[in-house]
Amino acid sequence: MASHLLLNPSLLRLFTGSLHLILLLGAIVSWVCEKIRGNGDEGQKQSVRHTRLLFYRPTLYSCLSLSFFNLALCVFYCFYWYTNGRSDEKIVILVDLGVKTVAWFYLSRFLKNQLQNVSETKFPIVLRLWWGAFVLVSCYCLAMDILYYKKYQTLSALFWASDIVSLVMGLVLCYFGFHGECEATILEEPLLNGSDTNDRESNQFSRGDETVTPFESAGIFSTLTFSWVGPLVSLGYNRRLDLEDIPQLSTFDSVRTTYPVFNDKLESGRVKSNRVTATMLAKALIYSTRWEIGTSAVCVIIFTLASYVGPYLIDYFVQYLNGHQDVRNEGYILVSAFTIAKVLQCLAQRQYYLKVQQAGYRARAALVSKIYNKGLSLSSQSKKGRTTGEIINFMAVDAERIGDFSWYVHDPWTIILDVALALMILYRTLRLASLATLAATILVMLVNIPLGKLEKKFQDKLMKSKDERMKSTTEVLKNMRILKLQAREMKFLSKIIELRNAEAGWLRKYLYTTAIIAFVFWGTPAFVSVSTFGACLLMGIPLESGKILSALATFRILQEPIYSLPGLVSMIVQTRVSLDRVASFLSLDELQPDVVEKLPVSNSEIALEITDGSFVWNVSSPTPTLEDINFKVSRGMRVAICGTVGSGKSSLLSSILGEMQKLSGTVRVSGTKAYVAQSPWIRGGTIEENILFCKEMDRERYNMVLDACSLKKDLEILAFGDQTIIGERGINLSGGQKQRVQIARALYQDADIYLFDDPFSAVDAHTGSHLFNECILGLLDSKTVIYVTHQMEFLPAADLILVMKDGKIYQIGKYGDILKSGSDFKKLVGAHEEAMSAIDPTGIRKSASPEGSGDAYAKKLPEEQGSQDGNNVDNYKEKSGQLVQEEEREEGRVGFSVYWSYITTAYRGLLVPFILLAQSLFQLLQIGSNYWLASATPVSTDMAPPVASSTLMLVYIALAIGSSFCILARALLLVTASFKTTTILFKKMHLSIFRAPMSFFDSTPSSRILNRASTDQSTVDLELAYLVGQFAFAIIQLLGIIGVVSQVAWQVFFIFIPVLAICIWLEQYYVPSGRELARLCGLYKAPVLQHFSETLSGAETIRSFDQEFNFRDLSMNLIDGYARPRFHGAAAMEWLSLRVDMLSLLTFAFALGILISLPKGTVDPSIAGLAVTYGLSLNALQSWIVWTLSNMETKIISVERILQYSSVASEPPLVVESNRPQSHWPTHGEVSIQDLQVRYAQHMPLVLHGLTCTFFGEKKTGIVGRTGSGKSTLIQTLFRIVEPAGGQISIDGINILSLGLHDLRSRLSIIPQEPTMFEGTVRSNLDPLEEYTDEQIWEALDKCQLGDKVREKQSKLDSSVSENGENWSVGQRQLVCLGRVLLKKSKILVLDEATASVDTATDNLIQQTLKQHFSDSTVITIAHRITSVLDSAMVLLLDNGRIKEYDSPDKLLEDKSSFFAKLVAEYSMRSSSSR
């Protein structure tokens, strides 16, 4: 009797239930006591070193799993009780399971709330004792189960499952509890107790970027379950993620490890030839990712084999439900086989997805790094053959596409494996009819091939069209200021819209082709089914429901490889094209390493020597750019280079730097070099970073350099001093400031040899003198200095002067010697003397004291007043923020308004209901067709068919055709809505951007705009509609599957509803992290491209400073910075997908369990088999829904970003219809300024303080003043680039504020400080709107001294102009700008330092040309050369935004105490040594 009681299962359940109840009550009492005690424990805020128990998360999940397991048993037993009646024993068992469910769930909550961060080093002793007791009790229960089974030969499977799982989980918990260690995290707890939310907000999490990713040290369990990424997901759920929160990549994944492996493999294949081929590139990429490729191959084999277990077993399952049983417990065996196969499938699939993405990230990182290094070492000839945009595309598009191919790397052989396995299963069930399947499959593949080719063709055309559009957009954004000044921005917008229309034509064709492919994809199972089952009928093969269901499940799996084949072919071709493009780029010529022979500093007194040098920019050029170059420079010498525009001065410096191709001769350089380019190159970052240029801070030298370059006062005015972030291309600095920052960078390097390419042209006379005296003659007194200059006054200080003419050194010697020899040098000096002669009649030079005038002026006019000049915008920024802010990043969940805007953009959303209706009808017809097949066929051969074979097939075909047409309608409607939406969004964003004020472009790097116009627009074009549609369709599909399954096992709702709730909770838990990781990807992709773009434009400067290593290192940091959120985002996605897979698998297993436990005959085996067939795809579908939802939430950010730039504040209207000026306005050109006040933003101080003056019509007015006095700000206000804060400007009596912007700007002309040329031809640059004849264009070229130069070129007016006019000198570019205004011949002409980069002789000719052709126009001139304004009718002198003097030059010069007289005296004094 005693033994019977001990073996009684009911008493055992009563015993275990009581123990769990005691645990639950004890925990509740403990919690109440803790709360009571906690109310009196308010203490002081203290910093505590917290520890997180190492096995905290596995323990938490184990307890939660036990709770859900017991819940599932409880629900299952409820159903069992419902079907078999109630009893006291069943009540005891049910109570036991219920108590266990509640107890373990409470324990998991306790772990979550109390032990997430603790100061103890181990789990509480009570927990460890409980887990030990739980193991002992589970062992005892399992032993009793075994004894009971031996004695009575029967025992419920529920007891076996409960006790085995309890024992295993108990052992796991004991291991965690007794072997757990601690992970430390520094957290700061609030002094007063508060809510969990407040605690979280006050916590200071340790920086993630200081640690390596846990993936590197993750164990097998952590790797398989992705639990290593759990802490990051949890952190993202608690607060917004930043890059600092994301751990560093593992050493193996970092580009610093990947790139050397890739490069070594690639270079080993280039031994025989310098050329890189696509094959060599592919081999190197495969070699550098071989581990990921091999691991993913194993995973995909396991996944493929496991995915076919379900279709293989369905027939057996149907036969079992029909009463056919071959082995004992066959039902449990089948359920176990289904479940185990699904578990393996899920685990293998998730690992496969992560590994292929990991391989793609590594391949992309290695390739991007290689492209960057190549770009840094390209020869000038190679670079001129490709635009910057094209080179950046290799990195932005081609490298990305090659990395994406990792998804397809196994497809060629897995497609064969899929088809082979499918045919094996079909042959087992349908015998020779499987050949019909093979034939139908091949036919569908053959149909897909032309569709795939068509898709590829359209995609190629689409990409080329996009490249053209982006190339044009990049150029327009770079030159937006000049376009607005010339009122041409809308013309260029229409050009971009035209390019977009051409792109949209290919996009439309591409999208409709994909719609047809989608129709084929979804129609494939029906077509293959009809072919196969029709063959069965023709061959007399009996159709049974089990075989049909097995075949349907197989067709569904076979659908994917059939569909992927054309995509695979297309992707292979695209990747091959990208490989070819990158290989051709990597095969380009680099700079000759032996151009410059470097000599040790200690061995020689010679710093530089060129012997018999001949150099060329383009090897194919018939004549050398430089020839017969012979000169020697001793250490410590100052060498000046002068000559007319285009004589080869800058080229000579480039030959010294090794930038030109050497045809003959030798170049020897001894020591380090520093170079200051003619066009300033400023990198993104702070002013301090630009000056230090990768060197350590030496504060004493740094301050010395700032003084020498007159930068200290600029920095005092800047709100952030030298920590001010410089905008793109130095946008928030004036031309003078940029040049001085560049000079400071060179001085700080403390090099041996300094090369200056006319840097003094961009600054005023006083600053130029200061720079020359303090830098060239001061700090660099003992250094070797070679400087190009157009200012003759700087020549006498040189130890050696080189006079250049037509690419040769025409004269060489000291100043006095070559001046006596006459010829060209004398002409240059003569032109300078002629210009200075205008000053002599006043006698100002003789009467003004050199020292006194300079000092007096310096006291009254600060040397630098901040830079409101040139392009500078926000130097008066308040402390609240920099001009260039970090890119604005939306926080939290993407608002519903974004989804609603997207859905309702096209046709106000009217197509959406029809799309959903088409999908719903498709789902109903598809389920109906499968239901028809299952119910209209016998379960076994000994049963008569319910309907005739012909009826069976006719009904099935009708349903299949109906469902196919629904899919076609759905696909076409979706594409139509998508195309309309993307077209509207594109036009809306671009119109908003082009109508934005100039301040928007000054504070917004072009890379941010380009990202939206390219990456985000592509997402909206090609991906988003598909994702939104797929999410809606998958929801409908899920409802259909649940409907089918619930027909035979309605009890599945008991498990499906909580599982669905948990899935939704998991998705909500993941989404904050996934969304922010996606945003970070978008945020940190731009810096990689921006850095590359900066490097390409400043490669000459970087190489001259020997900073290639530091820039490569920075590039690698940026590449890894972009890869970090991508890799962890992919892992987080797999973390979510695996958990959703497992939860949906629980629903499927539960449904199977119900079906095998139902009494025979309760359900139709055919319909039950159909439910299993649909259930096989349940986990994949639920996972797909979650993945699609998460991906949609990340991709919808593209719409959010586009909408963000679609609502940029706009400029005033372009045209005011009620107040349009007459066609001949202005007639006189008088500009009246009344109490003009200007500030750059509401919160900023005034830049111009109440100016009042009149620029007389048809007269020339000169504007002078020190750098930063407000000269260019006044001009920007005249063009309404900046709107006045007070006062007004009138032209011929009309207030310019009352006019439309285009009416105003189109009537004015300007030659800007920074000359601009667009890629194209000479003709297109002079006459972009094609308004003038060739004769008029030639006349303008002759007037601006460029006619002969253009005639020398083979193509004349159609001669090419490369990107940014790089194949023209800076001086020549300024002359082209002059040619534009000569053609336009406006009544008002503004010259903003228009002749700064030309020699004095050319300047004199230009001034004569302007005087001749604009004699009846109002000419407003800003000039650093005083001689340019001496012939003006009036001179306006500005100081710190105020008018100091305004009168005729003669009257101002007569007054020896006037500021203008002193300024002229200073300029004259500087020039005296050269006269």
Side-chain angles (χ1 to χ4, degrees), residues 300-319 334 337-338 341-342 344-345 349 414-445 448 520-537 539 541-565 926-927 929-934 937 939 953 956 960 963 1037 1041 1044 1148 1152 1165-1166 1168-1181:
V300 78
I301 289 171
I302 296 172
F303 164 69
T304 304
L305 293 173
S307 64
Y308 279 97
V309 170
Y312 182 82
L313 294 178
I314 280 182
D315 190 24
Y316 291 105
F317 191 77
V318 171
Q319 297 305 322
L334 286 170
F338 275 119
K342 278 292 178 185
L344 288 174
Q345 182 184 345
Q349 185 181 30
T414 54
I415 287 176
I416 298 171
L417 179 61
D418 272 316
V419 173
L421 289 171
L423 290 175
M424 286 172 58
I425 293 173
L426 290 171
Y427 183 77
R428 183 186 68 85
T429 55
L430 303 177
R431 298 300 174 186
L432 290 176
S434 58
L435 295 176
T437 305
L438 179 62
T441 302
I442 293 172
L443 181 60
V444 172
M445 287 182 173
N448 269 323
V520 173
F521 172 71
W522 288 102
T524 294
F527 173 72
V528 175
S529 300
V530 169
S531 303
T532 305
F533 299 146
C536 287
L537 294 179
M539 295 179 184
I541 300 172
L543 289 175
E544 301 168 16
S545 57
K547 293 177 180 178
I548 286 177
L549 294 173
S550 177
L552 288 174
T554 306
F555 297 152
R556 188 167 294 182
I557 297 175
L558 196 57
Q559 179 183 16
E560 194 63 38
I562 293 173
Y563 173 70
S564 64
L565 183 62
Q926 190 188 53
I927 291 173
S929 63
N930 293 335
Y931 192 91
W932 168 255
L933 280 179
T937 53
V939 177
M953 289 309 299
Y956 182 70
S963 65
Q1037 199 175 348
I1041 290 175
V1044 171
F1148 179 58
L1152 291 177
S1166 299
L1170 179 65
V1172 174
T1173 304
Y1174 274 95
L1176 283 172
S1177 59
L1178 183 62
N1179 67 313
L1181 183 61

Leu421 and Tyr312: side-chain contact (heavy atoms from CB on, under 4.5 Å), yes or no, with the steps? CA-CA 10 Å; Leu421 289 171; Tyr312 182 82; over 6 Å; no
Using the rule given for side-chain contact (heavy atoms from CB on, under 4.5 Å), can you reason through Tyr1174 versus Leu1181, listing the C-alpha separation, both sets of side-chain angles and the distance that settles it, and then say yes or no? CA-CA 10 Å; Tyr1174 274 95; Leu1181 183 61; over 6 Å; no
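Here Phe317 pairs with Phe338 under the ring pair (Phe, Tyr, Trp, His ring centres under 6.0 Å) rule; sequence neighbours left out.
In this structure, Leu435 CG and Met539 CE are separated by 6.0 Å, a value rounded to the nearest 0.5 Å. Atom CG of Leu426 and atom OG1 of Thr437 lie 4.5 Å apart (nearest 0.5 Å). Atom OG of Ser1166 sits about 10.0 Å away from atom OH of Tyr931, to the nearest 0.5 Å. Atoms OG and CG, from Ser929 and Leu552 in turn, are 8.0 Å apart once rounded to the nearest 0.5 Å. Atom CG of Leu313 sits about 13.0 Å away from atom CD of Gln319, to the nearest 0.5 Å. The CD1 atom of Ile314 sits 11.0 Å away from the CG atom of Leu334 when rounded to the nearest 0.5 Å.
Here the shortest heavy-atom pairing between Ala1171 and Val1044 reads CA-CG1, 3.9 Å. When all heavy atoms are compared, the tightest approach of Ser434 to Leu423 is O-CD2, 3.6 Å. Here the closest non-hydrogen pair linking Ala436 and Thr532 is CB-CA, 4.3 Å. The two residues Ser529 and Phe555 come nearest to each other via the heavy atoms OG-CD1, 3.1 Å. In this structure, Thr554 and Pro311 approach most closely via the heavy-atom pair OG1-CB, 3.4 Å. Between Ala551 and Leu430 the shortest heavy-atom distance is CB-CD1, 4.0 Å.
Enclosure of atom CE in Met424 is not indicated, since only 12 or fewer non-hydrogen atoms of other residues, nucleotides or ligands lie within 6.0 angstrom.
Across Leu1170, Leu933, Val1172, Thr937, a single residue satisfies side chain to side chain contact (heavy atoms under 4.5 Å, CB included) together with Leu549, and that is Leu1170.
Using modelled atom types, one side-chain atom of Thr1173 and one backbone atom of Gly1169 make a donor-acceptor pair closer than 3.5 Å.
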